A.B. asks: 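Below is the structure I would like to discuss, written out as structure tokens.
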Amino acid sequence: MKPSTVILAILSIVFAVSFGFVVRVWSPSESVNALWLVIASACFFIVIYRVYGAFISAKILAIDERRKTPAYKHDDGKDFHPTHTLVLFGHHFAAIAGAGPLIGPVLAAQFGYLPGFLWILIGAAFGGAVHDMVILAASVRRDGSSLAQIAKKEIGPVAGFTAALAILFIIIVALAGLGLAVVNALYRSPWGTFTIFATIPIALFMGLYLYKIRRGKVGEVSVMGVALLLAAVIGGRYIPGSALGPFFTLDKTTIVVIMAAYGFIASVLPVWLLLCPRDYLSTYLKIGTVLILAAGVIFMAPEIQMPAFTRFVDGGGPVIPGSVFPFMFITIACGAISGFHSLISSGTTPKMIKSEGDIQLIGFGAMLAEGFVAVMAIIAATVLMPGDYFAINSTLSFDALVALGFPPVNINELSETVGVNVAGRPGGAVSLAVGMSYIFSALPGMKGLMPYWYNFALMFEALFILTTVDTGTRVARFILQELGAYVYKPLGRTNWTPGTVLTSALVVVAWAYLINSGSVSTIWPMFGVANQLLAALALSVGTTIILKLNPNRIKYALVTFIPMVFMFVMTVVASWELFWIFSTKAAIAANPSDAFTFRLDSVLVAAMAALAVVAMLDAAIKWRSLVNNASAITPDAEALDND
């Protein structure tokens with residue numbers, strides 16, 4: 001027996017035991033220790049990567065390292081550029097791991113710790129990782145084509161156009177949802193704002209050093225980048241109260257404007273200059289922080305205070321208005337399965353990957369890493385007392401929470417310790433920061449540093465999100481240029497500067513407007529619906545590709561078809577409910593501007609759902625044709641073997 005097989009068997013046994021503690025098969029009368037969630041998820045994701053990921057890579061996608069990738073075929077030093085495996089993994093992970101794996105699980109903790117934990121494990125392994133890797137492989141073998149271009153080629157022009165239009169709607173709403181979390185995290189937070197700002201010149205220096213000064217010296221630039229990042233984090237401590245303090249103490253509108261300007265610039269500059277090195281840099285902070293958080297959980301071994309299921313699984317909760325079915329599946333998007341990832345997997349990443357051999361690590365592996373981040377977020381939220389969690393994530397009075405059966409316990413002490421009144425700050429970011437700082441401060445030598453960890457955690461969340469905003473804006477620009485080519489052909493050329501500038505400006509103005517006019521309660525559910533409808537669309541494209549790869553092996557298509565059906569049904573049901581929620585709010589709104597915003601939200605939700613239904617029906621017609629004419633199609637003819 002091979003040593004690797006023995007290791008996988010041991011990890012499987014450890015997972016089974018730890019999972020038994022999580023679901024309370026063992027010691028049902030005792031509280032669940034957070035350590036079991038860390039062990040169970042880590043073992044599960046490692047086994048899934050080595051077994052299921054390898055199976056899909058070898059048997060279904062037939063990965064071939066000998067194929068020349070688009071990064072070499074079309075190397076232009078701007079959008080197409082062969083990139084070191086670890087650097088590209090950093091970029092890809094940073095781009096996909098936005099607010100979703102942090103905020104979504106925190107909000108979904110309203111239902112209890114167990115529903116979200118189970119959805120992250122199952123969704124990431126059998127939905128998200130498959131989704132990301134299949135689309136990445138398809139794009140790499142189609143010269144870095146976007147999801148809309150792939151849909152048009154593999155399914156038909158109707159699917160291509162509706163997919164492009166749906167994606168444009170979806171990505172703008174998604175960027176608004178992610179950007180709103182940044183605004184709330186950096187609002188009047190000079191420490192975090194300074195550190196985030198400092199990552200931009202650091203990334204520019206890294207890009208110039210790596211590609212112009214000391215070409216290919218990844219080790220050198222990594223050491224310098226990490227050192228400069230740590231200096232920025234430590235230096236940010238001295239910004240509040242200093243002469244620089246007022247320059248970094250910004251209101252929400254100013255942050256939206258600055259963030260829009262950054263998104264515009266990042267989408268226009270060459271990928272090697274700002275986008276890739278900044279994402280690579282932030283990945284060190286992200287992964288490092290998550291590992292420290294995991295170490296804190298292991299050292300502290302805190303008890304999960306939130307019950308496995310709360311009374312709100314049937315709806316009526318103060319954080320999320322709907323029931324666990326279907327609202328949990330749109331609340332936890334990134335971290336389980338996210339359609340936004342398909343835009344990255346068919347956007348920037350396939351244009352930079354240097355070998356097909358990297359597809360499993362970057363496509364499948366990065367998604368599982370994000371799932372682990374989501375588990376850490378659930379732990380950080382559920383180690384708080386339930387009453388304290390609801391006091392932070394809702395605007396209900398303490399008496400109202402007592403009436404619901406969740407009396408606040410330590411909320412005043414927590415506010416005093418971190419130096420900020422944390423009650424009544426919904427949105428997930430603050431409760432996550434409080435939970436993280438609580439765990440960090442329990443590490444040896446960290447007692448008494450909870451205020452520092454709280455501000456660090458807020459900065460950590462903002463950095464997670466901004467790396468998705470810059471990449472997402474660039475991807476949206478690609479899509480808008482594709483659609484613009486129907487009207488004016490030169491707009492479709494990504495190397496035409498006027499078109500690049502115009503489309504980038506239109507994208508940032510659109511998502512900045514939604515941020516400025518919305519709130520967490522409106523934008524986040526819309527983001528969830530948009531994200532998961534896009535995931536269903538991407539999986540429908542993946543199903544078509546696999547059927548074309550070998551239509552006589554229909555069972556292989558089930559790896560994408562089953563999660564596609566689940567996500568489509570759950571999200572369409574959630575869309576229907578959200579449409580009526582927004583319509584009702586528009587009818588009773590006292591302020592005309594609020595009424596307009598709610599009507600716009602309801603129209604956007606309906607439009608996204610309608611476009612997804614049209615694209616799905618078109619795909620179903622294509623599947624029927626492929627299955628009925630399976631014998632007439634040569635395996636590997638066009639599906640994934642375009643050179």
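Everything quoted here is computed from the prediction, not taken from an experiment.
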A.B. asks: What distance separates I135 CD1 from L343 CG, expressed to the nearest 0.5 Å?
C.D. replies: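 It comes to 10.0 Å.
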A.B. asks: Checking R425 side chain against S394 main chain: does a donor-acceptor pair fall under 3.5 Å?
C.D. replies: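 No, R425 side chain to S394 backbone: no donor-acceptor pair under 3.5 Å.
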A.B. asks: Are the side chain of R311 and the backbone of L404 linked by a donor-acceptor contact shorter than 3.5 Å?
C.D. replies: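 The answer is yes, because a donor-acceptor pair under 3.5 Å joins these two groups.
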A.B. asks: I want to know whether F406 and F390 have ring centres closer than 6.0 Å.
C.D. replies: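 Yes, they do, as the ring centres are separated by less than 6.0 Å.
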A.B. asks: Given the rule in the side chain to side chain contact (heavy atoms under 4.5 Å, CB included) test, do F93 and V373 qualify, once you have shown the distances and angles that lead to the verdict?
C.D. replies: CA-CA 11 Å; F93 176 75; V373 171; 4.0 Å; yes
A.B. asks: Count the heavy atoms of every other residue, nucleotide or ligand shown that sit under 6.0 Å from CZ of F398, and state whether that count exceeds 12.
C.D. replies: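 Enclosed: over 12 neighbouring heavy atoms sit under 6.0 Å from CZ of F398.
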A.B. asks: When the ring centroid of F19 is compared with that of F15, is the distance short of 6.0 Å?
C.D. replies: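 Ring centres of F15 and F19 closer than 6.0 Å.
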A.B. asks: Checking T83 side chain against I353 main chain: does a donor-acceptor pair fall under 3.5 Å?
C.D. replies: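 No; zero donor-acceptor contacts below 3.5 Å.
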A.B. asks: Do D132 and S345 meet the criterion of a side-chain donor-acceptor pair at a distance under 3.5 Å?
C.D. replies: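 The criterion, which ignores hydrogens and geometry beyond distance, is not satisfied for S345 and D132.
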A.B. asks: Are Y52 and F126 close enough that their ring centers fall under 6.0 Å?
C.D. replies: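 Yes, ring centres under 6.0 Å apart.
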A.B. asks: So, for Q305 and P386, which heavy atoms are closest and what is the spacing to 0.1 Å?
C.D. replies: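 Of all heavy-atom pairs spanning Q305 and P386, the closest is O-CG, 3.6 Å.
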A.B. asks: Are M567 and T571 close enough, and set up right, to give a side chain to side chain contact (heavy atoms under 4.5 Å, CB included), and what steps lead you there?
C.D. replies: CA-CA 6 Å; M567 292 314 307; T571 313; 4.1 Å; yes
A.B. asks: Which distance, rounded to the nearest 0.5 Å, do you find between the CD of Q110 and the OG1 of T310?
C.D. replies: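 OG1 of T310 is found 6.0 Å from CD of Q110.
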A.B. asks: CD of E416: more than 12 outside heavy atoms within 6.0 angstrom?
C.D. replies: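 For E416, atom CD is not crowded (no more than 12 foreign heavy atoms under 6.0 Å).
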A.B. asks: Do you know which two heavy atoms are closest between I378 and P105, and how far apart they sit?
C.D. replies: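 Shortest heavy-atom contact: CG1-CB, 3.4 Å.
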A.B. asks: For F329, does its backbone N or O pair with a side-chain atom of Q532 as donor and acceptor, under 3.5 Å?
C.D. replies: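 Between the backbone of F329 and the side chain of Q532 there is a qualifying donor-acceptor contact (under 3.5 Å).
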A.B. asks: For the ring pair F566 and W119, is the centre-to-centre distance below 6.0 Å?
C.D. replies: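 Under 6.0 Å, so yes.
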A.B. asks: Checking the side chain of N33 only, and the main-chain atoms of A301 only, is there a donor and an acceptor separated by less than 3.5 Å?
C.D. replies: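 Yes.
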A.B. asks: State, yes or no, whether a side-chain contact exists between L114 and V22 at a heavy-atom distance under 4.5 Å.
C.D. replies: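 Side chain of L114 against side chain of V22, heavy atoms only: contact under 4.5 Å found.
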A.B. asks: For a quick test of reading the model, state the closest non-hydrogen atom pair linking I200 to Y262 and the distance between them.
C.D. replies: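 Nearest heavy atoms, I200 then Y262: CD1-CD1, 3.7 Å.
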A.B. asks: Would you check if S338 and I96 make a side-chain contact, meaning some heavy-atom pair closer than 4.5 Å?
C.D. replies: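 S338 does not reach I96 side chain to side chain.
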A.B. asks: Dump the intermediate steps for side chain to side chain contact (heavy atoms under 4.5 Å, CB included) on V375 and F117, then the final yes or no.
C.D. replies: CA-CA 7 Å; V375 171; F117 178 74; 4.0 Å; yes
A.B. asks: Quick check: does any side chain N or O of Y438 sit under 3.5 Å from a backbone N or O of A433, one acting as donor and the other as acceptor?
C.D. replies: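 No, Y438 side chain to A433 backbone: no donor-acceptor pair under 3.5 Å.
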A.B. asks: Below 4.5 Å, heavy atoms only, C-beta onward: do F111 and I320 meet side chain to side chain?
C.D. replies: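 F111 reaches I320 side chain to side chain.
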A.B. asks: Before we go on, tell me: are the rings of F372 and F44 under 6.0 Å apart, centre to centre?
C.D. replies: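 Ring centroids of F372 and F44 are no less than 6.0 Å from each other.
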A.B. asks: Search all heavy atoms of I56 against all heavy atoms of F364 and return the closest pair with its distance.
C.D. replies: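 So the minimum-distance heavy-atom pair works out to CD1-CE1, 4.3 Å.
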A.B. asks: Would you mind reporting whether P525 and V529 have side-chain heavy atoms less than 4.5 Å apart?
C.D. replies: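 Not touching, per the 4.5 Å side-chain cut-off.
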A.B. asks: Kindly give the heavy-atom pair with the smallest separation between V17 and W26, and that separation in Å.
C.D. replies: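 Looking at all heavy atoms of both residues, the closest pair is O-NE1, 3.0 Å.
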A.B. asks: Would L35 and F21 satisfy side chain to side chain contact (heavy atoms under 4.5 Å, CB included), going step by step from the backbone distance to the final call?
C.D. replies: CA-CA 10 Å; L35 183 59; F21 281 105; over 6 Å; no
A.B. asks: Is the number of heavy atoms from other residues, nucleotides or ligands within 6.0 Å of CZ (F55) greater than 12?
C.D. replies: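 Atom CZ in F55 is crowded, with more than 12 foreign heavy atoms closer than 6.0 Å.
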A.B. asks: To the nearest 0.5 Å, tell me how far I120 CD1 sits from M376 CE.
C.D. replies: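 Answer rounded to 0.5 Å: 9.5 Å.
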A.B. asks: Backbone N or O of A400 within a donor-acceptor pair of the S397 side chain at under 3.5 Å?
C.D. replies: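 Yes, S397 side chain to A400 backbone: donor-acceptor pair under 3.5 Å.
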A.B. asks: With distance as the sole test, does Y49 use its side chain to make a donor-acceptor pair with the main-chain N or O of A125 at under 3.5 Å?
C.D. replies: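 Not confirmed, Y49 side chain does not pair with A125 backbone.
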A.B. asks: Are side-chain heavy atoms of L361 and F89 found at a separation under 4.5 Å?
C.D. replies: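 Yes, their side chains come closer than 4.5 Å.
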A.B. asks: How many angstroms lie between CG in L432 and OG in S437, if you round to the nearest 0.5 Å?
C.D. replies: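 These two atoms lie 9.5 Å from each other.
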A.B. asks: For a 4.5 angstrom cut-off between non-hydrogen side-chain atoms, does H131 reach S342?
C.D. replies: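 In short, these two side chains touch, coming nearer than 4.5 Å.
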A.B. asks: To the nearest 0.5 Å, tell me how far M436 CE sits from L293 CG.
C.D. replies: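 Rounded to the nearest 0.5 Å, the CE-CG separation comes out at 5.5 Å.
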A.B. asks: With heavy-atom distances below 4.5 Å as the criterion, would you say the side chains of I439 and I379 are in contact?
C.D. replies: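 Yes, close enough: below the 4.5 Å cut-off.
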A.B. asks: Is a side-chain donor-acceptor pair under 3.5 Å present for D314 with S323?
C.D. replies: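 Side-chain D/A pair, S323 to D314: absent.
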A.B. asks: Are F327 and I330 side-chain neighbours, meaning at least one heavy-atom pair lies under 4.5 Å?
C.D. replies: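 Yes. Closest side-chain heavy atoms under 4.5 Å.
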A.B. asks: Specify the closest pair of heavy atoms between F45 and L121, including all atoms of both residues, with the distance to one decimal.
C.D. replies: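 Looking at all heavy atoms of both residues, the closest pair is CZ-CD2, 3.8 Å.
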A.B. asks: Would the distance check show the side chain of D388 and the main-chain N or O of V409 forming a donor-acceptor pair, the cut-off being under 3.5 Å?
C.D. replies: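 Yes; judged by distance alone, with no hydrogens or angles, the pair exists.
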A.B. asks: Measure the CD1-CG distance between I344 and L136 for me, rounded to the nearest 0.5 Å.
C.D. replies: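 These two atoms lie 11.0 Å from each other.
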